[in-house]
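Working notes, structure below.
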Amino acid sequence: MEQFTIHLTVNPQSKVTFQLTYEEVLKRKLKQYEIVIKVKPKQLVHHFEIDVDIFEPQGISKLDAQASFLPKELAAQTIKKSFSGKKGHVLFRPTVSQQQSCPTCSTSLLNGHFKVTYDVSRDKICDLLVANNHFAHFFAPQNLTNMNKNVVFVIDISGSMRGQKVKQTKEALLKILGDMQPGDYFDLVLFGSRVQSWKGSLVQASEANLQAAKDFVRRFSLDEATNLNGGLLQGIEILNQVQESLPELSNHASILIMLTDGDPTEGVTDRSQILKNVRNAIRGRFPLYNLGFGHNVDFNFLEVMSMENNGRAQRIYEDRDATQQLQGFYSQVAKPLLVDVDLQYPQDAVLALTQNRHKQYYEGSEIVVAGRIADNKQSSFKADVRAHGEGQEFSTTCLVDEEEMKKLLRERGHMLENHVERLWAYLTIQELLAKRMKVDGEERANLSSQALRMSLDYGFVTPLTSMSIRGMADQDGLKPIIDKPSEDSPPLEMLGPRRTFVLSALQPSPTRSSSNTQRLPDRVTGVDTDPHFIIHVPQKEDALCFNINEEPGVILSLVQDPNTGFSVNGQLIGNKARSPGQHDGTYFGRLGIANPATAFQLEVTPQNITLNPGSGGPVFSWRDQAVLRQDGVVVTINKKRNLVVSVDDGGTFEVVLHRVWKGSSVHQDFLGFYVLDSHRMSARTHGLLGQFFHPIGFEVSDIRPGSDPTKPDATMVVKNRRLTVTRGLQKDYSKDPRHGAEVSCWFIHNNGAGLIDGAYTDYIISDIF
């Protein structure tokens with residue numbers, strides 16, 4: 001389900017109308033399409049209505065609607081549904097009394113999902129829609145014989161599966177084994193610190209074998225680590241044996257299903273190497289389906305692996321119905337009907353084409369191909385389909401029903417033409433984004449550019465774009481932005497408070513600022529102003545400080561994680577109004593944040609924020625309010641205030657904008673940089689700030705008066721060195737960019753000598769990235 005969020009403040013007794021228009025491509029699963037509407041008004045609503053109109057050119061064969069939150073009898077009274085020919089209608093209009101959770105209650109029953117399901121008539125093997133030089137081909141043949149299958153289940157039994165996860169996994173496996181057909185062959189592979197298989201080769205789904213497999217599932221216990229690479233290669237080897245030692249099974253549909261809830265920690269742990277190993281072992285012979293259990297899994301990694309091997313990935317949410325989610329996924333692939341499906345179109349007629357080769361086609365699903373047709377080629381357009389079925393070859397030709405198309409165009413006109421073209425554009429964008437996940441460098445930048453251009457041309461919200469809302473503004477006149485998170489980002493309700501927007505015509509500005517303020521730690525490590533480094537030492541409930549005095553233009557390494565390549569570098573700028581003989585104060589005027597694993601780069605200056613500057617990425621100003629996402633990195637820009645960068649499996653960092661004001665001693669805007677969370681950074685992380693992400697011990701003694709009576713000196717022992725330090729105050733601007741908060745700290749002199757590893761000049765680098 002797509003997630004978008006917008007929060008508004010509305011006066012009591014005010015009347016506000018919200019209108020959201022969106023498009024969604026419905027995917028056929030288990031012989032039906034599904035429309036899900038989340039219903040949660042949190043109050044009784046005097047005029048509540050869900051009105052669904054459906055038009056399908058092929059004709060509607062069945063229609064149903066259910067409300068998970070309603071008793072069966074009340075649902076029958078309040079949900080009206082009907083269909084005839086190409087049109088269907090569902091109406092849900094409960095009265096206030098029907099919404100009440102009890103006759104005298106002011107609370108509402110309406111809390112759950114309202115679901116509409118339907119299917120279309122399948123009188124023809126395939127349907128071709130052609131309009132405005134574009135086509136959409138819907139292929140869902142009926143009455144085919146189910147193919148026997150070879151299936152291997154590869155299951156994570158690491159320690160993190162303990163508790164409800166392993167209980168639900170076992171329940172799902174037992175149910176799935178009970179649904180196996182006698183002609184199917186199967187095996188089970190478990191991976192923790194070591195890899196074990198039930199049989200080590202495919203066995204027939206006989207009653208005796210299924211009972212033995214169920215006993216194995218009930219008995220297996222959990223291990224500690226996660227040898228994901230070993231488990232997958234063992235499962236692949238079992239299926240590959242079919243070609244060598246079990247030729248009688250080679251005509252079956254082979255399927256590999258893997259379930260995991262975490263990251264690889266044993267054996268081969270490098271993700272790129274695992275991808276290569278799996279790709280080289282499967283070699284396109286069968287699809288790999290990855291199930292990611294919970295939110296701690298690297299879902300992008302699983303998704304890329306599945307896409308590279310003709311499958312797909314699906315997240316299994318930790319919930320009471322996780323068992324049903326697992327069974328539901330298996331039921332989608334349990335009945336293969338065709339393998340090696342190839343949909344072919346006249347080469348001289350097609351200018352652009354979405355994916356037209358599919359490894360397998362399953363009962364109840366649908367293959368959709370769309371494309372652009374060359375001028376003057378619509379009348380002769382056709383599709384030839386070739387595939388392998390149970391015991392025979394499958395072959396058919398699909399033609400355009402010109403009379404039916406003329407009739408449809410008379411009925412729906414521009415709406416149908418627009419729909420076919422936008423379907424092609426949507427599928428093309430999705431394929432570009434999928435390919436983009438699998439490559440790096442220039443190729444990735446080119447794919448991003450193509451996807452972004454099409455997204456803007458057709459007005460689609462994607463991970464590369466955002467959508468602004470008309471007719472709304474906040475107290476600063478800022479219009480809200482809706483962004484689309486990546487699949488791997490947490491649910492919106494987990495992301496903390498969002499900026500509140502008001503309807504200016506109906507609602508005065510709030511008296512209290514509603515800026516997006518992510519909850520920050522009480523004390524943080526960072527660097528700000530001239531540049532003063534503040535190192536928070538939680539073990540001592542104290543802080544250490546030092547300055548770096550260097551020339552404008554010098555670039556310093558702040559954070560560098562050699563395990564991932566993640567880095568933060570800062571370039572110094574000078575004070576524009578330097579007086580003769582005056583200390584030339586320097587400040588950070590440019591920051592470069594890079595995550596090479598996902599080809600992410602962010603350049604921040606007091607004027608602009610540029611995403612992927614090397615590939616011509618989008619540029620934002622500090623007047624913008626936006627959330628940007630790219631492959632596990634989330635950048636939140638808070639207008640004229642700060643930005644927060646959060647990296648999956650990395651850290652969370654804040655960049656503070658300092659605007660100079662009249663009378664300020666500083667005559668140039670500059671930046672501050674703070675570390676909000678670093679516990680997921682590797683132990684090898686270094687840099688002027690990064691080296692302090694790990695515990696540091698020190699002892700202070702002989703506290704005595706210093707040259708300034710308000711700042712005592714002391715002797716500090718740190719890293720086996722004795723240093724003279726001075727007690728002083730620095731400013732932390734992480735929470736209040738204008739005024740800051742004073743932090744007491746022990747100041748280490750001479751550019752941090754004795755505290756930082758090596759000399760400060762070791763941290764001078766040549767490039768911002």
Side-chain angles (χ1 to χ4, degrees), residues 25-34 58 61-62 117-120 122 124-127 137-154 172-173 175-186 205 239 242 249-259 282 284-291 303 306-307 309-316 324-343 354-369 385-396 398 427 430 434:
V25 173
L26 302 180
K27 295 182 179 179
R28 188 172 186 254
K29 298 177 183 177
L30 304 176
K31 300 183 179 182
Q32 63 186 19
Y33 302 97
E34 183 177 272
Q58 295 159 276
S61 61
K62 67 174 185 178
T117 56
Y118 73 94
D119 199 13
V120 301
R122 303 285 172 180
K124 296 180 287 187
I125 288 180
C126 49
D127 281 273
H137 182 188
F138 303 92
F139 178 73
Q142 307 297 294
N143 305 316
L144 297 177
T145 303
N146 288 344
M147 297 183 70
N148 292 321
K149 61 182 179 290
N150 307 319
V151 59
V152 174
F153 302 95
V154 180
L173 281 173
K175 181 67 170 64
I176 288 168
L177 289 170
D179 291 339
M180 298 282 283
Q181 299 301 305
D184 294 339
Y185 283 70
F186 73 104
L239 286 176
V242 169
L249 305 184
S250 60
N251 290 327
H252 291 191
S254 291
I255 303 170
L256 184 64
I257 299 174
M258 190 270 288
L259 172 110
I282 292 180
R285 296 185 185 102
F286 45 81
L288 164 62
Y289 296 99
N290 284 329
L291 304 179
E303 198 168 26
S306 290
M307 287 190 297
N309 295 283
N310 299 300
R312 70 175 186 273
Q314 181 167 314
R315 191 186 293 281
I316 303 299
Q324 286 71 38
Q325 292 178 58
L326 290 167
Q327 292 173 217
F329 173 82
Y330 174 74
S331 63
Q332 295 175 38
V333 299
K335 296 180 179 179
L337 299 177
L338 297 171
V339 297
D340 298 324
V341 184
D342 187 6
L343 299 95
T354 61
Q355 182 183 349
N356 64 317
R357 288 184 174 86
H358 295 260
K359 197 64 188 173
Q360 296 184 357
Y361 164 72
Y362 301 98
E363 182 179 76
S365 66
E366 181 178 56
I367 293 174
V368 181
V369 182
V385 185
R386 305 284 183 270
H388 303 290
E390 178 61 30
Q392 62 181 0
E393 297 298 305
F394 178 91
S395 176
T396 189
C398 305
L427 295 177
Q430 296 305 305

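A quick note: this is a predicted structure, and the numbers were derived from the prediction, not measured.
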### Query
So, does Ser365 use its side chain to make a donor-acceptor pair with the main chain of Tyr362 at under 3.5 Å?
yes
### Query
Should Glu393 and His388 count as side-chain neighbours, where that means a heavy-atom distance under 4.5 Å?
yes
#### Entry: Charged N-O contact under 4.0 Å between Lys335 and Glu363
yes
### Heavy-atom check, side chain of Lys149 versus side chain of Ser254, under 4.5 Å
no
### Task
Would you mind telling me which of Asn310, Asn309, Asp340 makes a side-chain hydrogen bond (donor to acceptor under 3.5 Å, both in side chains) with Lys359?
Asp340
### Query
Are the side chain of Glu390 and the backbone N or O of Asn148 linked by a donor-acceptor pair below 3.5 Å?
yes
### Query
Taking all atoms of both residues into account, what is the closest heavy-atom pair of Ile316 and Leu326, and its distance?
CG1-CD2, 3.7 Å
### Query
To the nearest 0.5 Å, what is the distance between CD1 (Ile367) and CZ (Arg28)?
11.5 Å
### Message
Tell me if the aromatic rings of Tyr185 and His252 count as close, with their centers under 6.0 Å from one another.
### Response
yes
### Query
Does the side chain to side chain contact (heavy atoms under 4.5 Å, CB included) test come out yes or no for Val152 and Met258, once each step is laid out?
CA-CA 8 Å; Val152 174; Met258 190 270 288; over 6 Å; no
### Within-4.5 Å side-chain heavy-atom neighbours: Leu291 and Arg315
no
### Message
Applying side chain to side chain contact (heavy atoms under 4.5 Å, CB included) to Val154 and Leu259, what does each step give before you reach the verdict?
### Response
CA-CA 6 Å; Val154 180; Leu259 172 110; over 6 Å; no
## Note on the structure
Heavy-atom nearest pair, His358 first then Leu343, reads CD2-CD1, 4.2 Å
### Query
Is there side-chain contact between Leu288 and Asn290, with at least one heavy-atom pair below 4.5 Å?
yes
### Message
In the structure I gave you, are the side-chain heavy atoms of Ile255 and Asn150 within less than 4.5 Å of one another anywhere?
### Response
no
### Message
My understanding is that only residues two or more places apart in sequence, or in another chain, count here; which of them pass salt bridge (Lys or Arg N to Asp or Glu O under 4.0 Å) with Asp127?
### Response
Lys124
### Task
If the plane angle is over 60° it's perpendicular, under 30° parallel, otherwise tilted; pick one for Phe394 and Phe139.
perpendicular
#### Entry: Side-chain donor/acceptor of Glu366 to backbone N/O of Gly364, under 3.5 Å
no
### Query
Between the main-chain N or O of Gln181 and the side-chain N or O of Asp184, is there a donor-acceptor pair closer than 3.5 Å?
yes
### Query
Does the separation of the ring centres of Phe153 and Phe186 fall below 6.0 angstrom?
no
### Query
Hey, is Asp119 close enough to Lys62 for a salt bridge, meaning N to O under 4.0 Å?
no
### Query
In chain order, what residues pass the salt bridge (Lys or Arg N to Asp or Glu O under 4.0 Å) check against Lys31, with sequence neighbours excluded?
none
#### Entry: Sub-4.5 Å side-chain heavy-atom contact between Lys175 and Gln324
no
### Message
So Ser61 and Tyr118, do their side chains get closer than 4.5 Å, heavy atoms only?
### Response
no
### Smallest separation among heavy atoms of Leu338 and Pro141, with atom names
CD1-CG, 4.3 Å
### Query
Which value, rounded to the nearest 0.5 Å, describes the distance between Leu30 atom CG and Thr117 atom OG1?
11.0 Å
### Task
Search all heavy atoms of Ala313 against all heavy atoms of Glu303 and return the closest pair with its distance.
CB-CA, 3.7 Å
#### Entry: By side chain to side chain donor-acceptor pair (under 3.5 Å) - contacts of Asn251 (at least two apart)
none
### Query
side chain to side chain contact (heavy atoms under 4.5 Å, CB included) between Val120 and Tyr33: does it pass, once the steps are laid out?
CA-CA 9 Å; Val120 301; Tyr33 302 97; 4.1 Å; yes
### Arg386 atom CZ, over 12 foreign heavy atoms within 6.0 Å
yes
### Task
Just do the side chain to side chain contact (heavy atoms under 4.5 Å, CB included) check on Gln325 and Gln314 with the steps written out, would you?
CA-CA 10 Å; Gln325 292 178 58; Gln314 181 167 314; 5.5 Å; no
### Query
Taking side chain as C-beta onward, heavy atoms only, is Tyr289 less than 4.5 Å from Arg312?
yes
### Message
Please find the pair of heavy atoms, one from Cys398 and one from His137, that lie closest to each other, and give the distance.
### Response
SG-NE2, 3.6 Å
